[in-house]
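Here is the structure we will look at.
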There are 2 protein chains.
Amino acid sequence: MKNNLVPNTGHEFRSRCSIARALELIGDKWTLLIVRDLMWHNKHTFQAMQNSVERIPTNILSQRLKKLMDWGLVRREPYQERPLRYHYLLTDNGQSLEPVLSQIMGWGHEHLEGGLHPPGVSKNSDTRLV
Amino acid sequence: MKNNLVPNTGHEFRSRCSIARALELIGDKWTLLIVRDLMWHNKHTFQAMQNSVERIPTNILSQRLKKLMDWGLVRREPYQERPLRYHYLLTDNGQSLEPVLSQIMGWGHEHLEGGLHPPGVSKNSDTRLV
DNA sequence: ATAGCAACTTGCATTTTTAAAGTTACATAT
DNA sequence: ATATGTAACTTTAAAAATGCAAGTTGCTAT
């Protein structure tokens, strides 16, 4: 069963390759971290995501959320009025990125673990994945 | 069994999150396309990769290959001398990205298929994945 | 009235990407 | 010997994206 995403803006893909297409959406340093926060870290507000350890700049967070909503991977809804506050949620399409995220996490864990401040130090001191 | 990659340049990761780390390496629009070409398309020369449908700019290709070699995912060796010509190959670490690539491909295929020139046209005319 | 907070937006400097042209080293055809 | 061609890059300049700090809006609490 196909569930094609076509953004409201008429985006033109650069090729028919599914990988190339996917990378036009998630091929950057931040987008999948937002998805991670929504999927696994219970961070659903702008504020909460902004406070994640990677310190995404607010304008980038704003842009990426917009893009993800345009593509139907994320939706938002008010969780209170007066004052109006939104929380962001993954749509079913967004949730479907779980295996992708898992693979990337697994690969990073296997190959990139250790090496924080400075590289090579504290290699086996912590096995947290996310 | 861990096989940590630490590039010869002392790179500092922005967090301990495996996803965030992986994205510092492969979180862009081009890197995984190079890996795709090496892994599945039998494109091993600079020229061959440059000629892929997505038309990667040569300076980006050059930079990315350098980065991938620095991180030990790709190596190159001369396949002839006079004139000296190189071909690029995935290392075992590079090969280990296969499941990641497969997941991304699968996701793109499920969610981003169809919609080329212009979006929405020729939806079911071709089912090639890569 | 003043201060504070969440959710953004704006302005601007820096960095990265892109497209095009140029370079180097060698090979082959005339 | 000279001219043309090719692979693998590098350089340059313009365009786009990113990152940082500060500002805005709408509302609440004191």
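Quick note on labels: first sequence line is chain A, next is B, and so on, each numbered from 1.
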Between B:Arg76 and A:Pro83, which residue's closest nucleotide on DNA chain D lies nearer the 5′ terminus? B:Arg76
A:His111 vs A:Trp107 aromatic rings, parallel, tilted or perpendicular, using cut-offs 30° and 60°? parallel
Just by modelled atom types, is the A:Asn93 backbone N or O under 3.5 Å from a matching donor or acceptor in the A:Ser96 side chain? yes
Considering only NZ, NE, NH1 and NH2 on the basic side and carboxylate oxygens on the acidic side, decide whether B:Glu24 and A:Lys29 come within less than 4.0 Å. no
Would you kindly compare B:His87 and A:Glu81 by the position of their nearest DNA chain D nucleotide and give the one closer to the 5′ end? B:His87
Under-3.5 Å N/O pairs linking protein and nucleotides 3-7 of chain D:
from  : atom 1 : to      : atom 2 : distance (Å)
D:dA7 : OP2    : B:Gln47 : NE2    : 2.6
D:dA7 : O4'    : B:Arg85 : NE     : 3.2
D:dA7 : O4'    : B:Arg85 : NH2    : 3.2

Boundaries of the chain B footprint along DNA chain C (any atom under 4.0 Å from a heavy atom): C:dT17 to C:dA27
Does the protein touch nucleotides 13-24 of chain D at the base, only the backbone, or not at all? Give it as B, S and - per nucleotide, heavy atoms under 4.0 Å. -----SBB----
Atom CG of B:Leu61 to atom C1' of D:dT10: distance rounded to whole Å? 13 Å
Non-neighbouring partners of A:Glu77 that pass side chain to side chain donor-acceptor pair (under 3.5 Å), sequence neighbours left out: A:Arg75
Tell me, please, whether B:Trp71 has B:Arg21 positioned over its six-membered ring: NZ or CZ under 6.0 Å from the ring centre and within 45 degrees of its axis? no
side-chain contact (heavy atoms from CB on, under 4.5 Å) with A:Leu90: of A:Ile34, A:Leu73, A:Val35, only one passes, and it is A:Val35
Mark yes when over 12 heavy atoms from residues, nucleotides or ligands other than B:Glu81 sit less than 6.0 Å from its CD; otherwise mark no. no
Indicate yes or no: does B:Glu54 engage B:Arg36 in a salt bridge with an N to O separation below 4.0 Å. yes
With sequence neighbours excluded, tell me which residues meet side chain to side chain donor-acceptor pair (under 3.5 Å) with A:Asp28. A:Thr31, A:Arg64
Can you list every pair that meets ring pair (Phe, Tyr, Trp, His ring centres under 6.0 Å) and has a residue in residues 80-99 of chain A, with sequence neighbours left out? A:Tyr79-A:His87
